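Here the structure comes first, spelled out in structure tokens, and everything after it is commentary.
Lettering follows sequence order; numbering is per chain, from 1. Just so you know, these numbers come straight off a predicted model, no measurement behind them.
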Amino acid sequence: MQLFEQQTLQISNSLSGKKDIFKPIKEGYVGMYVCGPTVYSNVHLGNCRTFMSFDMIFRYLKHLGYKVRYVRNITDAGHLENDADDGEDKIAKKAKLEQLEPMEVVQRYTVDFHETLQQFNFLPPSIEPTATGHIIEQIEIIKEILKKGFAYEANGSVYFDVIKFNKTNDYGKLSGRKLEDMIANTRALAAQDEKKSPQDFALWKKAEPQHIMRWPSPWGDGFPGWHLECTAMSTKYLGDTFDIHGGGMDLKFPHHECEIAQAEASTGHSPVNYWMHANMLTLNGKKMSKSTDNNIYPNEIFSGENSILSKPFSPSVVRFFMLQAHYTSILDLSNDALLASEKGFYRLMEGLKNLETITASGTTTDFDIPAWQQRCYDAMNDDFNTPILISHLFEAVKHINLIKEGKESISQKDKDVLQNIVNTFVFDVLGLENQKESSGNTKTLSGVVDLLIQLRNNARANKDFATSDKIRDELLELGIQLKDGKEGTTFTLN
RNA sequence: GGCAUCGUGGCCGAGUGGCUAGGCACAGCUCUGCAAAAGCUUGUACAGCGGUUCGAAUCCGCUCGAUGCCUCCA
């Protein structure tokens, strides 16, 4: 019996506008697609938050026993600077700017993306397809949409006919917009001549002679529209209708709306059962954005080299900080918030360490572990509520510490159970790492510090406090903090 | 202007028609040669104004404010 048979998972569905009970199309299997990055610059922390939310979701679904096929694409072509006639591919533009081959740009920032995500301890997706690797599939979809009459060719480009589509389908159902309103509110934009309506979007764009990224097609040399690649790659690997489609909130309109339109136009039915949107990470109260320069890069956080930061923060601390907020809420990044999360994170890690060392005794436990365990599952089942899960983990820490102080007791059996649950949620589901322990060179260092601790304890025994305080204070200056406890002195690196 | 979301104690951030979120900070206590660290304990907040209700921070309406999307962005 799998865990998912005992737990009822509810998911916030942007399409229905409420929390829906999750029921996969095929029992035991989940197909999940998440819109990946456009690799024309380094991934910033806001991008990371979205992918982290879905990493956590991927982890929990796997933990529940689902066989998950998680597809997250790399957009390496087709992402236009804007939708006007002079629209240029982002990758191509960057390549021109840096005098690189477009694929050189793609490679550089794809590597950066992977390295960054690895530092945050992301699980790799099952498939990571690229847009340029699926040009043929995209052309096939365009042909199908043309055949169904929901697109038209104009001067070597192909556009999706939104107004016609809206007569039989509902364009705007995901984002809660009405086509009439959109038309009424459209500002007069120049150079939209090819399109029948400003709301129409490109499926295929004709490549002007100076364009370096181009592919042959039935409509001449060109490149695919941005929205199309996700339709092509998601349906290719997950089927015409699949379970979960995720992405950042900012993609809801027009990107995801267009994906729905493309899929419905080509296959005749809705592509996705559960649309999930992760909310934005803000900086100074504003959305992080590549185009406005209001952003911060992961490496700046890890090194502390940014004017808003007072010190560096480890990837796990940042991960913990993000998971302390619900993925559907806006989260604002600040030095104070990171400092608070860091303290909390180390408290949690200390609790886990204490759990290993406490001694079990007797047959009773002053802590209802099965009920507590179910509360942990209830939190995650309620739309992946990691902040609540974390609050329960701190409740466990409290009991662990009380046991350590001898004020409560735990049986050996319960201790084993508790250890198993806590480790599962902290490391497997939340994906946190105890990075302090895993750094290299620690063996030599701990030998040296232990020696100094011995010398200091000798001095203390002789009431030579001048010497003992000198050792303590000078180590602290070096970033090594001694901690005098009941069972001797330990140290941590600050 | 349109659509959407949100406004919670010093800070971050959950949740909810009546019952303790949690973390950080502050304070008190324990421990300590003194500290630090650690641990324990404590906090009755929900933008404003109306309304529904036995009861609302939670539902409805209005006002104010913030953010996102409407053009590329996770």
Handout entry: Side chains of A/Asp484 and A/Thr489, donor plus acceptor under 3.5 Å
Key = yes
Practice task
Could you work out the separation of B/C29 and B/U42 based on their P atoms and round it to a whole Å?
Solution key: 16 Å
Handout entry: Residues that A/Phe51 engages under ring pair (Phe, Tyr, Trp, His ring centres under 6.0 Å), provided they are two or more places apart
Key = A/Phe113
Problem - Partners passing side-chain contact (heavy atoms from CB on, under 4.5 Å) against A/Asp20 (at least two apart in sequence or in another chain) - result: A/Asn13, A/Ser16, A/Lys18, A/Tyr274
Practice task
Measure the distance from CG on A/Leu475 to C1' on B/A35 and round it to the nearest whole Å.
Solution key: 15 Å
Practice task
Just grab all the salt bridge (charged side-chain N to carboxylate O under 4.0 Å, His left out) pairs involving residues 47-60 of chain A, residues at least two apart or on different chains.
Solution key: A/Asp55-A/Arg59, A/Asp55-A/Arg319
Practice task
Verify the contact: side-chain N or O of A/Lys286 to OP1 or OP2 of B/U67, cut-off strictly under 4.0 Å; return yes or no.
Solution key: yes
Problem - Between B/C49 and B/A38 - P atom distance, rounded Å - result: 42 Å
Exercise for the section: Name the closest nucleotide to the A/Thr38 side chain, picking from B/C69, B/C40, B/A74. Expected result: B/A74
Problem - Note: A/Glu405-A/Lys407 ion pair, threshold 4.0 Å (strictly below) - result: yes
Exercise for the section: Check side-chain contact (heavy atoms from CB on, under 4.5 Å) between A/Thr50 and all other residues, then give those that pass, not counting sequence neighbours. Expected result: A/Phe54, A/Ala278
Exercise for the section: Take the protein atom OH of A/Tyr33 and the nucleotide atom P of B/A74, then report the distance between them rounded to whole Å. Expected result: 12 Å
Problem - With sequence neighbours excluded, residues passing side-chain contact (heavy atoms from CB on, under 4.5 Å) with A/Asp250 - result: A/Met280, A/Lys287
Exercise for the section: Write down the distance separating the C1' atoms in B/U20 and B/A45, rounded off to the nearest Å. Expected result: 14 Å
Exercise for the section: Would you sketch RNA chain B in dot-bracket for me? Only Watson-Crick or G-U wobble pairs with both distances under 3.5 Å count, crossing pairs as [ ], other-strand pairs as |, the rest as dots. Expected result: (((((((..(((.....[...)))..((((.......)))).....(((((..]....))))))))))))....
Problem - A/His277 NE2 to B/U67 C1', straight-line distance once rounded to whole Å - result: 17 Å
Exercise for the section: Identify, with sequence neighbours excluded, every residue that meets side-chain contact (heavy atoms from CB on, under 4.5 Å) alongside A/Val272. Expected result: A/Phe242, A/His245, A/Trp275
Practice task
Just call it for A/Leu348: base, sugar-phosphate, or nothing, with non-hydrogen atoms closer than 4.0 Å on any strand.
Solution key: nothing
Completion exercise
Here the distance between atom P of B/C40 and atom NE2 of A/His399, to the nearest Å, is 11 Å
Practice task
Check the distance between B/G7's P and A/Asn279's CG and give it to me in whole angstrom.
Solution key: 12 Å
Exercise for the section: In whole angstrom, give me the gap between the P atoms of B/A27 and B/C46. Expected result: 25 Å
Is there any protein nitrogen or oxygen under 3.5 Å from a nitrogen or oxygen in nucleotides 12-14 of chain B, and what are the pairs?
| residue | atom | partner | partner atom | Å |
| --- | --- | --- | --- | --- |
| B/G13 | OP1 | A/Asp332 | N | 3.4 |
| B/G13 | O2' | A/Gln324 | O | 3.3 |
| B/A14 | OP1 | A/His326 | N | 2.8 |
| B/A14 | OP1 | A/Ser329 | OG | 2.8 |
| B/A14 | O3' | A/Asn385 | ND2 | 3.4 |

Problem - Nucleic acid footprint by protein, nucleotides 25-34 of chain B - heavy-atom cut-off 4.0 Å, B for base, S for sugar-phosphate alone - result: S-------BB
Problem - Between C1' of B/G23 and CD of A/Glu350, the distance in whole Å - result: 16 Å
Handout entry: Distance, C1' atom - from B/C54 to B/G22, rounded to whole angstrom
Key = 32 Å
Handout entry: Touch class at under 4.0 angstrom, heavy-atom based, for A/Gly247 against every strand present
Key = sugar-phosphate
Handout entry: Side-chain donor/acceptor of A/Arg177 to base of B/C70, under 3.5 Å
Key = no
Problem - Spacing between A/Lys287 atom NZ and B/A74 atom P, to the nearest angstrom - result: 8 Å
Fill in the blank from the handout: Judged by nearest nucleotide, the residue sitting upstream toward the 5' end of RNA chain B, A/Leu339 or A/Met280, is A/Leu339
Exercise for the section: For A/Tyr297 and A/Val43, work out which heavy atoms get closest and say how close. Expected result: CD2-O, 3.5 Å
Practice task
Would you kindly compare A/Gly285 and A/Ser175 by the position of their nearest RNA chain B nucleotide and give the one closer to the 5′ end?
Solution key: A/Ser175
Problem - Sugar-phosphate, base or nothing in reach of A/Lys398, heavy atoms under 4.0 Å - result: sugar-phosphate
Practice task
Mind checking A/Gly36 for me? I need base, sugar-phosphate or nothing, with any heavy atom below 4.0 Å counting as a touch.
Solution key: sugar-phosphate
Problem - Whole-Å C1' distance, B/G10 and B/U52 - result: 35 Å
Handout entry: Geometric class of the A/His255/A/Trp226 ring pair [parallel <30°, tilted 30-60°, perpendicular >60°]
Key = parallel
Problem - Sequence neighbours excluded - salt bridge (charged side-chain N to carboxylate O under 4.0 Å, His left out) pairs with any residue from residues 331-340 of chain A - result: none
Exercise for the section: With C1' as the reference atom in both, quote the distance from B/U53 to B/C59 in angstrom, rounded to an integer. Expected result: 10 Å
Exercise for the section: Round to the nearest Å and state the distance from A/Lys407 atom NZ to B/G39 atom P. Expected result: 12 Å
Exercise for the section: Hey, could you give me each pair passing salt bridge (charged side-chain N to carboxylate O under 4.0 Å, His left out) that has a residue in residues 472-481 of chain A? Not counting sequence neighbours. Expected result: A/Asp469-A/Arg472, A/Lys470-A/Glu474
Exercise for the section: Using a 4.0 Å heavy-atom cut-off across all strands, classify A/His44 as base, sugar-phosphate, or nothing. Expected result: base
Exercise for the section: Report yes or no: does A/Lys90 contribute a side-chain atom to a donor-acceptor pair with the main-chain N or O of A/Ser41 at less than 3.5 Å? Expected result: no
Handout entry: B/C40 to B/C31 separation - C1' atoms, rounded to the nearest Å
Key = 11 Å
Practice task
Kindly write out the residues that satisfy side-chain hydrogen bond (donor to acceptor under 3.5 Å, both in side chains) with A/Ser391, not counting sequence neighbours, or none if the list is empty.
Solution key: none
